There are 2 protein chains.
Amino acid sequence: MNEKSQQLTNRIAVLRAERKMTQKDLAEKAGVSRQTILSLENKKYSPSLVLAFKIAKVLDVAITQVFQYKEESK
Amino acid sequence: MNEKSQQLTNRIAVLRAERKMTQKDLAEKAGVSRQTILSLENKKYSPSLVLAFKIAKVLDVAITQVFQYKEESK
DNA sequence: CATTAATGTAATGAAAACTTTACTTTGTGT
DNA sequence: ACACAAAGTAAAGTTTTCATTACATTAATG
């Protein structure tokens with residue numbers, strides 16, 4: 001809906017499903033609320049760098065494997 | 001001083017100096033205020049993932065080259 | 001079909017990021 | 001020493017992340 005949400009995409013749901021983890025599982029392991037994971041997957045607000053690192057760590061991949069950034073053409 | 005500030009470190013100042021850029025230069029190219037760059041370099045608060053990507057882009061290195069995350073031993 | 005797990009929606013509030021402005025200190029060069 | 005650029009300090013205000021709680025909907029399974 002807004003422009004900002006489209007410059008950052010993530011594959012959290014996919015990677016999570018591959019590992020057969022629920023949102024709750026991932027949230028607990030990352031030390032955040034389930035709402036936070038859900039919001040990232042769906043509403044896709046931009047997480048903090050620390051949270052991004054934590055999620056990548058739990059999913060056992062590089063941060064860039066989870067999050068892709070496309071700068072917009074101004 | 002607080003625990004959180006120590007789990008995330010960055011090499012912004014070093015990389016910036018190598019490229020002979022001022023804080024103002026980097027701020028403008030990244031599209032943020034100079035205060036934000038200064039705060040990241042010194043007070044080291046944790047940036048958003050998008051900002052981290054922008055800074056890495058301007059410095060022309062991978063995000064992990066700029067920011068290092070060390071999880072703490074609970 | 002009934003039960004439970006998983007996901008989604010929504011609202012409120014706290015905390016942190018980031019902006020803006022203004023001023024001070026430190027460096028650098030002439 | 002002077003001037004100017006760069007870096008630092010500080011404070012107030014806005015925006016966004018993230019937590020918390022509660023409830024609704026959608027799988028999945030017996």
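Nothing here was measured: the structure is a model prediction, and the numbers come from that model. To find a chain, count down the sequence lines: A is the first, B the second, and so on, and within it residues start at 1.
Looking at R19(B), its side chain does come within 3.5 Å of a backbone N or O of L59(B) through a donor-acceptor pair. At least one donor-acceptor pair under 3.5 Å links the side chain of N10(A) to the backbone N or O of L40(A). At distances below 3.5 Å, not a single donor-acceptor pair connects side-chain atoms of R34(B) with backbone N or O atoms of A27(B).
Transitive grouping of hydrophobic side chains (ILVMFWY, heavy atoms separated by less than 4.5 Å) brings V61(A) and L51(A) into a common cluster.
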(request) Could you run through nucleotides 5-14 of chain C and give me one letter per nucleotide, 5' to 3': B if any protein heavy atom sits under 4.0 Å from the base, S if only the sugar-phosphate is that close, - if neither? (result) -SBBBB----
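Rounded to whole angstrom, the span from the CZ atom of F53(B) across to the P atom of dA17(C) amounts to 18 Å. In this structure, I37(A) atom CD1 and dC18(D) atom C1' are separated by 11 Å, rounded to whole Å. Between I12(B) atom CD1 and dA6(D) atom C1' the separation is 17 Å, expressed in whole Å. For the pair K20(B) NZ and dG27(C) P, the computed distance is 18 Å after rounding to whole Å. Taking atom NZ of K54(A) as the reference point, atom P of dT17(D) lies 16 Å away to the nearest angstrom. Here the C1' atom of nucleotide dT16(D) and the CG atom of L51(A) are 13 Å apart, to the nearest Å.
Nucleic acid contact class of S46(A) (heavy atoms, under 4.0 Å, all strands): sugar-phosphate only.
Atoms CZ and NZ, on F53(A) and K70(B) in that order, are 10.0 Å from each other to the nearest 0.5 Å. Going from atom CG of L26(A) over to atom CE of M21(A) covers 5.0 Å, rounded to the nearest 0.5 Å. If you take OH on Y45(B) and OG on S48(A), they are separated by 12.5 Å, rounding to the nearest 0.5 Å. Separating the NZ atom in K54(B) from the CD1 atom in I63(B) is a distance of 12.0 Å, to the nearest 0.5 Å.
Side-chain N/O atoms of S33(B) include one lying less than 4.0 angstrom from OP1 or OP2 on dT19(C). Phosphate proximity of dT16(D) to S48(B): absent, as no side-chain N or O sits under 4.0 Å from OP1 or OP2.
Fit an axis to the five pairs at each end of the helix from dC1(C)-dG30(D) to dT30(C)-dA1(D) and the two axes sit 50° apart, to the nearest 10 degrees.
A donor atom on one side chain and an acceptor atom on the other are not found under 3.5 Å apart for T36(B) and S39(B).
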